[in-house]
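One structure is given here, and the rest of the page talks about it.
The shown structure was predicted, so the numbers you read here are calculated from the model rather than taken from an experiment. Every number for a ligand or one of its atoms is a count from 1 in the order of the listing.
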Amino acid sequence: MKYDAVLVLDFGGQYCHLIGRRIRENGVYSEIVPHDVSLKTIRLLGEKSNIKGIIFSGGPASVFDADAPKPDKGVFDLGLPILGLCYGHQLIARIFGGEVKPAKRREYGSAYVTIDKPVGVLKGLDRKEKVWMSHSDTVFSVPFEFEVLAHTQNCPVAAFRHKEKPIYGLQWHPEVVHTVHGMQMIRNFIFEVCKCFANWKMENVVERMVNEVKNEVGAGKAIIALSGGIDSSVATAIAAKALGDRLTAVFVDHGFMREKEPEFVRDTFERLGINLVTVNAQDRFFEKLKGITEPERKRKVIGEEFIRVFEEVAEKTGAEYLIQGTIYPDRIESGFRRFSDKIKTHHNVAGLPTKIKFKKIVEPLRDLYKDEIRKVAKMLGLPKEIVFRQPFPGPGLAVRVIGEVTREKIDIVRRADRIVREEIEKGGLKDRLWQYFAVLTDTKATGVKGDARAYGYVVAIRMVESREAMTASFAKIPFKVLEKISTRITNEIPQVVRVVYDVTHKPPATIEWE
Ligand code: XMP
């Protein structure tokens, strides 16, 4: 079955993924592609889905820049509806010979736009609409074959359309919630203008993923690294539906898991009838990490050892296929949207470069966003502890012990982590936090325990609110809860004498300490 789809050409705007997600929320498939995607690639994508329209995203460039990003001109000849947003709007105006100028005043934030003609993308809207603007270049007049649909005080052409072809431009961002009727504008484009059929439904998607794994693996055997995180858990459940006991899931217990985590993963997946191999590799990992204090080195050693353990199991099972839980943002971020300034190496256990020769790597979740993965997880009956699990780094507690990793230190941070989790959950604060955890610093401090002077560790508590982990704010947790956490940690963990709260946003800090 082919899904109706809208392509989003990425001109570098920060809201690019949001456009894709808004479209998908309406049951229409959407894919983000580079702004200069070739017609050949578009044709190839057209074999997978019915491409019904194209959106040009916003972006930081000016149409006057010498190297202003432009699409392949041929996209205008495909006969598909096109919607330009912000930079995309200015670009269309410029390409067709409209008048674009740097604005007298930069418009940023909420603005009221007057809708002169409520047609097409603007169908059904009020005369005045509250929208979100963020631009400096402005379209002052439309090319001959276009007409103006809306204006603001500073922006005479805030929306336009071609008189004969389904080509539209909006100066504002309908994809952000601050544009009050933004969703209606997007729905108008995908349903009224592109005439899409809403067939991107999670029920269909699950069925398609299961079939895909069946087709790819045929009568062969496959293996997957299962961490207990949501992505690898969903990929495991999908692959098991397709392959039954021809799938082996491998859970490597490196010794840096949170309390009861290995048991939880084992019980959950055994209950789902999945063929699971748990490898207790704790001694190997502790041995390899002896004397290592540098965070990047730690990650590298853990990543490499993980692969060795995984390879050993893979070789024994005789699997020819590797299943991975790579999701859509992983694929985009490591592809054309790669961040050039790598801050930390993320050892993602799902991203295994392995020296074992597999016939093929199968990635059933490669087209899904995180919120879609959550929906699929619920549909597959995965427990809510997995569906709503807070992100946890692949190297686990090893990157939450500053300095050398020892069994004693891992034990301390594990106990502190349990206390933090229990108190946050008891306090009903869990849902507003992205992550909440303890870090064992390598600082020692003086304290008093009982009547005696004590000298022990300092534990730091980190709790953040975030949407996608690219930025985060430290959480303003009630002091009462912090007090409870601090009291319990110092009472229940004899080696700890002091608890501090991390009040740094990201940036400048990162979420994890290492
Ligand atoms: P930072 O610390 O870079 O973290 O702000 C952003 C998000 O990524 C998680 N994280 C990791 N995940 N392997 C992972 O799989 C890692 O090495 C790793 N380091 C950080 C972190 O928990 C946060 O959600």
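The shortest non-hydrogen separation linking I323 to I224 is O-CG1, 3.4 Å.
Around atom 7 (C) of ligand 1, the closest heavy atom drawn from G396, A469, G229 belongs to A469. The nearest non-hydrogen atom to atom 5 (O) of ligand 1, considering only E514, E512, K506, comes from K506. Closest to atom 24 (O) of ligand 1 by heavy atom, among E296, Q390, Q435, K298, is Q435.
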- Message: Determine whether E320 and K221 satisfy the following criterion, salt bridge (Lys or Arg N to Asp or Glu O under 4.0 Å), listing intermediate values before the conclusion.
- Response: CA-CA 6 Å; E320 309 110 303; K221 283 189 194 165; over 6 Å; no
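Assignment of W513 to the shell around ligand 1 is not supported, since no heavy atom sits closer than 4.0 Å.
Each of the atoms 13 (N), 16 (C), 17 (O) of ligand 1 lies under 4.0 Å from some heavy atom of P395. Heavy-atom contacts of T510 reach the following atoms of ligand 1: 1 (P), 2 (O), 5 (O) (cutoff under 4.0 Å). Close contacts of ligand 1 with W434, meaning ligand atoms under 4.0 Å from a residue heavy atom, involve 24 (O). In summary, the atoms of ligand 1 found under 4.0 Å from a heavy atom of P391, numbered by their order in the structure, are 24 (O). Numbered from 1 in the order shown, with element, the atoms of ligand 1 that lie under 4.0 Å from a heavy atom of I511 read 1 (P), 2 (O), 5 (O). Residue-ligand proximity, R299 to ligand 1, at heavy-atom distances under 4.0 Å covers atoms 16 (C), 17 (O), 18 (C), 19 (N), 20 (C).
Seen from the ring of Y457, K444 counts as a face-on cation partner, given the 6.0 Å and 45° thresholds. Cation-pi contact between K476 and F474: present, with separation from the ring centre below 6.0 Å and deviation from the ring axis of at most 45°.
Put simply, NE2 on H254 and CD on E305 are 11.5 Å apart, with the number rounded to the nearest 0.5 Å. For the atom pair CG of L85 and CD1 of I186, the computed distance is 7.5 Å after rounding to the nearest 0.5 Å. In this structure, CZ in R421 is found 12.5 Å from CZ in F437, a value given to the nearest 0.5 Å.
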